[in-house]
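What follows is a set of notes on a single structure, which appears directly below.
In what follows, residues are counted from 1 in the order of the sequence shown.
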Amino acid sequence: MANLAAPLGRLLLAILFILGGVGKFGDLAGTGAYMQSAGVPSALALPAAAFELLAGLAIVIGWQTRIVALLLAGFCVLTGLLFHHNFADQIQMIMFLKNLAIAGGFLTLYANGAGAMSLDARKA
């Protein structure tokens with residue numbers, strides 16, 4: 001079971017970003033409008049979609065896992081601060097805390113690596 005925990009954990013962390021990236025590609029205008037409403041340039045919608053999709057896929061297959069996990073941890077904290085900073089709204093506070101929890105998962109992945117069932121392990 002321990003051998004399956006690492007790839008399953010990677011998949012569970014990454015699925016949010018893969019689906020998020022695909023969703024953003026499906027509605028770049030809407031994503032850009034939402035970003036702009038939070039004070040983020042709408043031109044970042046396409047790079048955000050690409051980053052989420054590609055980083056998520058990299059985590060699933062365990063490629064450059066430590067670097068990608070560190071980038072995703074920063075992404076989670078940054079997006080939490082930009083989009084979920086209204087702590088008077090309990091839902092926004094929970095969303096922010098979820099972003100921090102996901103960042104924590106990625107920091108753990110950064111610290112421990114992808115595990116034996118990964119491209120990183122095959123390369124080593």
Side-chain angles (χ1 to χ4, degrees):
M1 182 64 181
N3 286 341
L4 294 176
L8 179 60
R10 292 194 322 266
L11 175 65
L12 292 175
L13 278 169
I15 194 86
L16 176 67
F17 296 91
I18 294 168
L19 294 177
V22 169
K24 284 175 181 59
F25 275 120
D27 186 15
L28 284 173
T31 299
Y34 175 68
M35 292 172 78
Q36 195 164 18
S37 75
V40 177
S42 62
L44 293 178
L46 180 60
F51 174 73
E52 286 188 38
L53 178 59
L54 295 174
L57 291 171
I59 292 295
V60 168
I61 64 174
W63 180 75
Q64 298 292 317
T65 305
R66 290 179 192 260
I67 294 167
V68 176
L70 191 58
L71 291 172
L72 280 165
F75 183 83
C76 288
V77 172
L78 181 63
T79 57
L81 291 170
L82 289 172
F83 297 101
H84 306 299
H85 57 270
N86 180 8
F87 298 138
D89 180 347
Q90 187 175 11
I91 291 175
Q92 290 301 313
M93 182 179 68
I94 290 168
M95 297 290 280
F96 177 78
L97 292 173
K98 283 183 180 181
N99 274 42
L100 290 184
I102 296 165
F106 282 123
L107 289 175
T108 300
L109 193 53
Y110 169 76
N112 295 300
M117 295 177 67
S118 66
L119 287 182
D120 290 345
R122 289 183 121 187
K123 188 173 124 182

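Rounding to the nearest 0.5 Å gives a distance of 10.0 Å between CD of Q92 and CD1 of I94. To the nearest 0.5 Å, the span separating CG on L8 from CG on N3 amounts to 12.5 Å. Here CG of L57 is found 4.5 Å from CD1 of I18. Values are rounded to the nearest 0.5 Å. One distance of note links OG1 of T65 with CG of L119; it measures 8.0 Å at 0.5 Å rounding.
No chain of hydrophobic side-chain contacts below 4.5 Å, direct or via other Ile, Leu, Val, Met, Phe, Trp or Tyr residues, connects L44 to L54.
Apart from I67 itself, the hydrophobic cluster it occupies contains L13, L16, F17, F51, I59, V68, L71, L72, F75, I102, F106, L109, where clustering links Ile, Leu, Val, Met, Phe, Trp and Tyr at side-chain heavy-atom distances under 4.5 Å. Cluster partners of Y110, by chain and number: L70, L107. The rule joins Ile, Leu, Val, Met, Phe, Trp and Tyr whenever side-chain heavy atoms lie under 4.5 Å apart. Counting side-chain heavy-atom gaps under 4.5 Å among Ile, Leu, Val, Met, Phe, Trp and Tyr, the cluster of I91 also holds M95. As a member of the Ile/Leu/Val/Met/Phe/Trp/Tyr network built from side-chain separations under 4.5 Å, M117 groups with L4.
Proximity of a side-chain donor or acceptor of N99 to a complementary backbone N or O of C76 within less than 3.5 Å is detected.
Pairing each heavy atom of A114 with each of G62, the nearest pair is CB-CA, 4.1 Å. Here the shortest heavy-atom pairing between S42 and G32 reads CB-O, 3.3 Å. Considering every non-hydrogen atom in both A121 and G115, the closest pair reads CB-O, 3.4 Å. Between A14 and G56, the closest heavy-atom pair is CB-O, 3.2 Å.
Within the structure, ring-ring contact (aromatic ring centres under 6.0 Å, His included) contacts touching residues 22-50 (residues at least two apart or in different chains) are Y34-F83. Among residues at least two apart or in separate chains, salt bridge (Lys or Arg N to Asp or Glu O under 4.0 Å) pairs with a member in residues 35-53 are K24-E52.
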